[in-house]
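Before we start, here is the structure in question, set down as structure tokens.
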Number of protein chains: 2
Amino acid sequence: MPASLRRGPLVDAICERLSRQYRSVPWLPPERALSARLGVSRSALREAVQRMEIQGLLEVKHGVGVRVVNKPQAPVGATLARELPDLTERLRQFAEVRLLVEPAIARAAAERAGPAERAALRAAHERLGTTLDEAVPADLEFHRLLAEVAGNRVLSLMLSSIAGLEAETRRITLEHVGLVEAAAQHDRIIEAIERGDGDGAHAAMLAHVRAAREAAPLPTPASTLAGTRATKASAARVP
Amino acid sequence: MPASLRRGPLVDAICERLSRQYRSVPWLPPERALSARLGVSRSALREAVQRMEIQGLLEVKHGVGVRVVNKPQAPVGATLARELPDLTERLRQFAEVRLLVEPAIARAAAERAGPAERAALRAAHERLGTTLDEAVPADLEFHRLLAEVAGNRVLSLMLSSIAGLEAETRRITLEHVGLVEAAAQHDRIIEAIERGDGDGAHAAMLAHVRAAREAAPLPTPASTLAGTRATKASAARVP
DNA sequence: TGGAGGTAGGAGGTCAGACCACTGAAGCAA
DNA sequence: TTGCTTCAGTGGTCTGACCTCCTACCTCCA
């Protein structure tokens, strides 16, 4: 065993070795074998594994094994769930955030997407399907891809985390809005992106998110965060 | 020992008991004593403690003890640091996000702040001080309080996480912008909030963040996310 | 008197090996 | 075929020992 000339905590070193060496395998070896191979005790290895599980890099299943995954939104989602325990309030704030962020994402995507990205978006859009069971993951994937194309990991991460906590809500929303109408809204967004029309994509996405919010089983408070008034009288309040 | 009639993982139960019973004490008892008191082994307790440390609820110090803290932005910040290892790119994306989020926060704060909140904001503003060492934390606190007043924990959490990873940058920024000018910008934001002028607060904050970005030691790419043009033609985009 | 250095205790960190609890699949029985 | 049982392998928990680090106190010298 190289014994490793580290100085800091052993667990940190184990985490690093694990994420380097086992990034592209589906399962980690059993704890006992792995601890022997790494030359550390099972306790230290377990602490490292647990840490990486919370970080969304591993998934431990009792009696089965340790799966290698990559869900960086997991810790963010867990934090949000802890900070907003009340379901109604959580969904309200999520709606506010989406109303602010999704249009910005759409604008950035329109202004940054190249031919490859446009094709990928179009492909994801056409996967929307005809039943709710197909539509919900396809819808999530469409928005996720859009965020990726927009090129901002922070916003992308936040939207993923939110999506993970409101999957059920989106199913209900999609049902109320109707698959055909939702597809039409996505279509308008895509078209704006393919024109490279940032403002158009922004507006189309804003309409899409607004429609979703109005169909959602929530009171519709005056959401001031987005700040783009629907029609008129935005400057009226300024003295 | 109550032995507790749980079925799920023991560590979960320990986490719950810890966060319930030791929420308002500065330090946890030593691991050995605590594990005895809870009736669990030291290993199980350690896993629980480690978990809560990653969640930003505890802070373990080798040779000293376990401190009780409350930094929900810690896991988000860690995730962002992992997802954006390149410092320049990280700061670029942070600037984009702030350009989008901070003005929205300011608008919401203006439209939601009551007398108490306005007083608190004014007080935080006046703590800006005259030296950089005082100004940086005061500036952070001002923006944090603003996010709190705005009433959206998701955005507040995101901005806190970002702030934790760019504290040094903000010092440099403040230095370049100048304390007097920064204070004047804050003042304009506060005044708009005290008038209940959401659009004014939005505009003032946008100017503030733009000034910061232009003073920052970064290339200034065409940041499309904010999308609000400086002076005119904001409503033109909405059909 | 007061600071520099050493020292002992107590804190978390790591180790080893044992046993418990859960899962899935193979094997058996109706 | 179907359903139950068994069993081997996995992670989960326990114990108690030892290592490493930090702090506070104490000693000693200027």
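Residue numbers begin at 1 in each chain, while the letters A, B, ... track the order of the sequences. Predicted model, so just to flag it, every value in this text is computed and none were measured.
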Quiz item: Taking C-beta and beyond as the side chain, do Q55(A) and T79(B) meet within less than 4.5 Å on heavy atoms?
Solution: no
Self-check item: Charged N-O contact under 4.0 Å between E47(A) and R51(A)
Solution: no
Exercise. May I have the distance from L45(B) (atom CG) to dG12(D) (atom P), rounded to whole angstrom?
Key: 17 Å
Exercise. State, with a plain yes or no, whether a side-chain heavy atom of H143(A) is found less than 4.5 Å away from one of L159(A).
Key: no
Quiz item: With under 30° as parallel and over 60° as perpendicular, where do the rings of H125(A) and F142(A) fit, or are they tilted in between?
Solution: tilted
Quiz item: Is any side-chain nitrogen or oxygen of R46(B) closer than 4.0 Å to OP1 or OP2 of dG13(C)?
Solution: yes
Quiz prompt | d(CD, E59(B); C1', dA11(C)) in whole Å | solution = 15 Å
Quiz item: Can you tell me how far C1' of dG12(C) sits from CD of Q50(B), to the nearest Å?
Solution: 12 Å
Practice problem: Please evaluate the base of dG13(C) for a donor-acceptor partner in the side chain of R42(B) within a cut-off of under 3.5 Å? | Solution: yes
Practice problem: Classify the nucleic acid contact of V66(B) as base, sugar-phosphate or nothing, counting any heavy atom under 4.0 Å across all strands shown. | Solution: sugar-phosphate
Quiz item: With a 3.5 Å cut-off and just heavy-atom distances, do the side chain of H62(A) and the base of dT23(C) make a donor-acceptor pair?
Solution: no
Practice problem: Taking only the side-chain heavy atoms of P30(B) (C-beta and beyond), determine which of dT14(C), dG12(C), dG11(D) contains the nearest atom. | Solution: dG12(C)
